[in-house]
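In what follows, a structure is listed as structure tokens, so that the remarks can point back to it.
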Amino acid sequence: MAERISTSSVPLPPIRPERRITLDVMGTVGDVARPLAPFERMANITAVRRLFVLVVLAVAWEGYARWAGNSLLFPSLTETLQAFWEAAVDGPLIQRTLNSMRVLAAGYAIGLLLAAVFTTVAVSTRIGTDLLSTLTAMFNPLPAIALLPLALLWFGLGAQSLIFVIIHSVLWAVALNTHSGFTSVSQTLRMAGQNVGLRGLSYVILLLVPAAFPSILTGLKIGWAFAWRTLIAAELVFGASSRSGGLGWFIFENRNQLEIPSVFAGLLTVILIGLFVESVVFRSIENVTVKRWGMQS
Amino acid sequence: MAAAGITDARERASVENAAPLLVVDGVTLQYKTDQHLVTATWQVSFEVYAGERYVLLGPSGCGKTTLLKAIAGFMMPVGGSITLAGKTIERPGPDRMMVFQEFDQLLPWRTVLGNVTFPLLVNRRMPRKQAEEHARSLLDKVNLTRFADAHPHMLSGGMKQRVAIARALAMEPAVLLMDEPFAALDALTRRKMQEELVALWEEVRFTVIFVTHSIEEALLIGSRILVLSPHPGRVKAELNANHLGPADVGTPAFDKLQRDIHDLLFTDKIETDKPEAGHG
């Protein structure tokens, strides 16, 4: 038998003694987990890395502006910050920002409400699904700002027109994402929910909404970004009565007066608010929800 | 006690005195795929008594999972009827809590404790505080005391299934439905879970209908086994296994029943193939 197998190039393995080890006589292996060095830990914090990028960008801005030396076309960071400070303390910047935020909040809230109604109809009936799919397919590619001339005609110069275009920019993004989140909830989870006795509205609120929350949150973020851009753009286009104007109006006004550092200060405010909402508001919502639930890494 | 058979015969009610809890009477189940109308089971009848560990055993395609879904109320039979304590089953409900095979049956946004209290709170079975106490006592029973505040994604597969079992038992359902709950676990964990389930039954005494395609698992867990044939599912045999438990693996009685069931399930194949000697 052994001779027959020996034609193979691999020899038969040797028979070796057995090993049985009693674990408590093994002694210590050393630390099972060791903390990382301080620098490594710092580099693992996203905020620290982001701050580093911001500092590099600020230095580059200041350097280029000084080298170009033309504060009418490209003011330096210090000039911008100075204009920002003046506009915020003595000028209308804060009032303008608040005006913008108020309009935005109203439009965003109404947009979300409509999106909730649309998606609830869409999940409960098949024709509702078709209605939502068709409407989102039609209106999602249509930039909200393109509706502004029409809105001005319908609602006149004022907050209503702005709210109308904001609703348009929020509604479809949120409805689309929420609905696709609902449809991708796993069959097992759905059955588990029905098994527990959930039906109708309680099924949507207690099961579908939290299960689809990652998608809903994505929709909220996209909706916010659309709404913010649309609002600033809309405010640039029509000069509302200057007292109730928003941030976009602030930028437009200062450009007309060739107060370029103030224009930059206005743009900086737009960016800062955008950054704050993205990386503080939405990030902290993510941290206490989808990240904690392990639904998003 | 466990070695001699799981339950003492003196505790047993006689069949004449007891009424069945669940009656499945001539049930035919069909479901539609995109192209076909599939008949999953054909006139299946059986009865489950309170306290039984009733196993639906069969190869894939015998409609055992579909049958369980019909008992859970997720689908209606085309023919026949399913009644629980005299009432026809019409929709899913917490009196028939189900443990699924998939690990994602837990709600990822609730903690382990929150998952167990969820059905209690949704059905307003008891106030929050009492529900939490009740849930903790069940988590003790499935050895998850330390993980009450963890979220499901931090648990291993076996632990997730234990949470699902605790959640189902918390509702004290008339009958617990288990759809191959250990099939996705590794072999070592699976055996441990099987033993734990039987031990839990000894402690709590619930009625369970357990679906599996493993003959060994059926013998370990079941007190009574319904053997189903595939395409479509029909009843092939109904056997007693209450004298066998996890302690009996490898004993002659265990091996004999295992071989019997194996032959029951595979005789069709031998008849259709050319006859083979030395098998069956």
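Order of the sequence lines fixes the chain letters, A, B, ..., with proteins taken first and strands second; residue numbering starts at 1 for each chain.
- Scanning for salt bridge (charged side-chain N to carboxylate O under 4.0 Å, His left out) contacts around B:R190 gives an empty result, with sequence neighbours left out.
- Each of A:P210, A:G197, A:A211, A:A192 has some count of heavy-atom pairs under 4.5 Å with chain B, and the biggest count is that of A:P210.
- To the nearest 0.5 angstrom, B:F118 atom CZ is 6.0 Å from A:L207 atom CG.
- Pairing each heavy atom of B:M98 with each of A:N195, the nearest pair is N-OD1, 2.6 Å.
- Only the side chain of B:N123 comes within less than 4.5 Å of a heavy atom of chain A; its backbone N, CA, C and O stay farther away.
- Of the inter-residue distances, the one linking B:F103 atom CZ with A:T188 atom OG1 reads 11.5 Å to the nearest 0.5 angstrom.
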With a cut-off of 3.5 Å and sequence neighbours excluded, list every side-chain donor-acceptor pair involving residues 38-47 of chain A.
{"from": "A:E40", "atom 1": "OE1", "to": "A:A37", "atom 2": "N", "distance (Å)": "3.4"}
{"from": "A:R41", "atom 1": "NE", "to": "A:L36", "atom 2": "O", "distance (Å)": "3.3"}
{"from": "A:N44", "atom 1": "ND2", "to": "A:E40", "atom 2": "O", "distance (Å)": "3.4"}

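- Residue A:R49 qualifies as enclosed at atom CZ: its count of foreign heavy atoms under 6.0 Å is above 12.
- Atom NZ of B:K69 sits in a sparse spot, with 12 or fewer heavy atoms from other residues, nucleotides or ligands closer than 6.0 Å.
- To the nearest 0.5 angstrom, B:R91 atom CZ is 11.5 Å from A:Q194 atom CD.
- In this structure, CE in A:M191 is found 4.5 Å from CZ in B:F100, a value given to the nearest 0.5 Å.
- Residues of residues 149-184 of chain B placed with any heavy atom under 4.5 Å of a heavy atom in chain A are listed by number as B:H151, B:H153, B:R167.
- Between chain A and the residues B:R96, B:E102, B:Q101, the most heavy-atom pairs under 4.5 angstrom are made by B:E102.
- Against chain A, no residue from residues 77-84 of chain B qualifies, as none has a non-hydrogen atom under 4.5 angstrom away.
- Around the CG atom of B:L37, the shell of radius 6.0 Å holds more than 12 heavy atoms that belong to other residues, nucleotides or ligands.
- Of the atoms belonging to A:R190, not a single heavy atom falls under 4.5 Å from chain B.
- The one candidate from B:L107, B:L106, B:D104 that meets the side-chain contact (heavy atoms from CB on, under 4.5 Å) condition with A:L189 is B:L107.
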